[in-house]
Amino acid sequence: MVDSIMQYQSEIWHAIGETFTMVGISIIAAIALGLPVGTLLYLSGKGQLFENRVLFAVMNILVNVVRSFPFLLLVVFLIPFTRFVVGTALGTLAASVPLSIMAIAYYARLVEQSLLEVPKGVTEAASSMGASTLQLIVKFLYVEARSGLMLGLTTSTISFISYSTVMGIVGGGGIGDFAIRYGYQRFETEIMIFTIIIMLILVQTIQYTGSFMARVLDKR
């Protein structure tokens, strides 16, 4: 196994870099867009401070459609959009487009669920103190839900890693694509086992780190 690993070490590092690129972009998209979308879902929901049935229904349907879409089919379906956004439908950057869209919808739902766990008394207290909408969200809702938001981001990140393993169909590369091309198709079982070990270590590290940070942030 050691000889095989040394033989492909440059390809392994390159594949790991591609995975980090895809997952990193999707995490940024989840935070930058998924967090606001999830917050808007919460605020416009039934019985909430800014209840808006039409807005909630539209956003709820969009999030549900994206999340329920089989990921491989979503990648293929979004090829024209991906080509429009990045100029090509192949490569790591192109693979990040459908992954980011899935990340936005996935994390938005988890954000909504985390915010729903915040006691209504918190928003009522914020309103009674004359807090603006931005202050209500940032200084009250996010503060109270920060532990859940961190756990949600941890869960999402692990899911993004799982999704990234199939991005070889559009030339996205990554550690999963490496395992299939070098381990499975070339019948080099030791390479397959090694890449699986890498994925397990990566996932466990992310889970442990995310859970630890969530415990630190939880002041209840």
key: Main-chain N/O of Y208 paired with S211 side-chain donor or acceptor, under 3.5 Å   = no
key: Point-to-point distance, once rounded to the nearest 0.5 Å, from CD1 of I79 to CG of L74   = 10.5 Å
query = Between the side chain of T209 and the main-chain N/O of I206, is any donor-acceptor distance below 3.5 Å?
reply = no
ask   = Is there a donor-acceptor pair closer than 3.5 Å between any side-chain N or O of Y107 and the backbone N or O of L149?
value = yes
request  = In sequence, state the C-alpha distance, the side-chain angles, and the governing distance for F71 and L99, and then conclude on side-chain contact (heavy atoms from CB on, under 4.5 Å).
outcome  = CA-CA 9 Å; F71 186 63; L99 191 60; 3.8 Å; yes
inquiry  = Is there a path of hydrophobic side-chain contacts, each under 4.5 Å between heavy atoms of I/L/V/M/F/W/Y residues, joining L41 to L134?
reply    = no
CG-CG distance between L136 and L141, expressed to the nearest 0.5 angstrom = 4.5 Å
query = Does a donor on one side chain and an acceptor on the other come within less than 3.5 Å for Y142 and T39?
reply = yes
query = Taking everything shown except M199 itself, do over 12 heavy atoms lie less than 6.0 Å from its CE?
reply = yes
Donor-acceptor contact present, side-chain R146 to main-chain V143, <3.5 Å = yes
query = Got a donor-acceptor contact below 3.5 angstrom from the S162 side chain to the I158 backbone?
reply = no
key: Salt bridge flag under 4.0 Å for residues R53 and E51   = yes
task = Among N60, V66, V37, find the residue that satisfies the side-chain contact (heavy atoms from CB on, under 4.5 Å) test when tested with R109.
result = N60
task = Determine the minimum heavy-atom distance between T19 and S164, stating which atoms define it.
result = CG2-OG, 3.9 Å
ask   = To the nearest 0.5 Å, what is the distance between CG (L35) and CD (E112)?
value = 12.5 Å
query = Is S147 reaching over with its side chain to a backbone N or O of L217, donor-acceptor style, under 3.5 angstrom?
reply = no
ask   = Is the CZ atom of F140 crowded by more than 12 outside heavy atoms at less than 6.0 Å?
value = yes
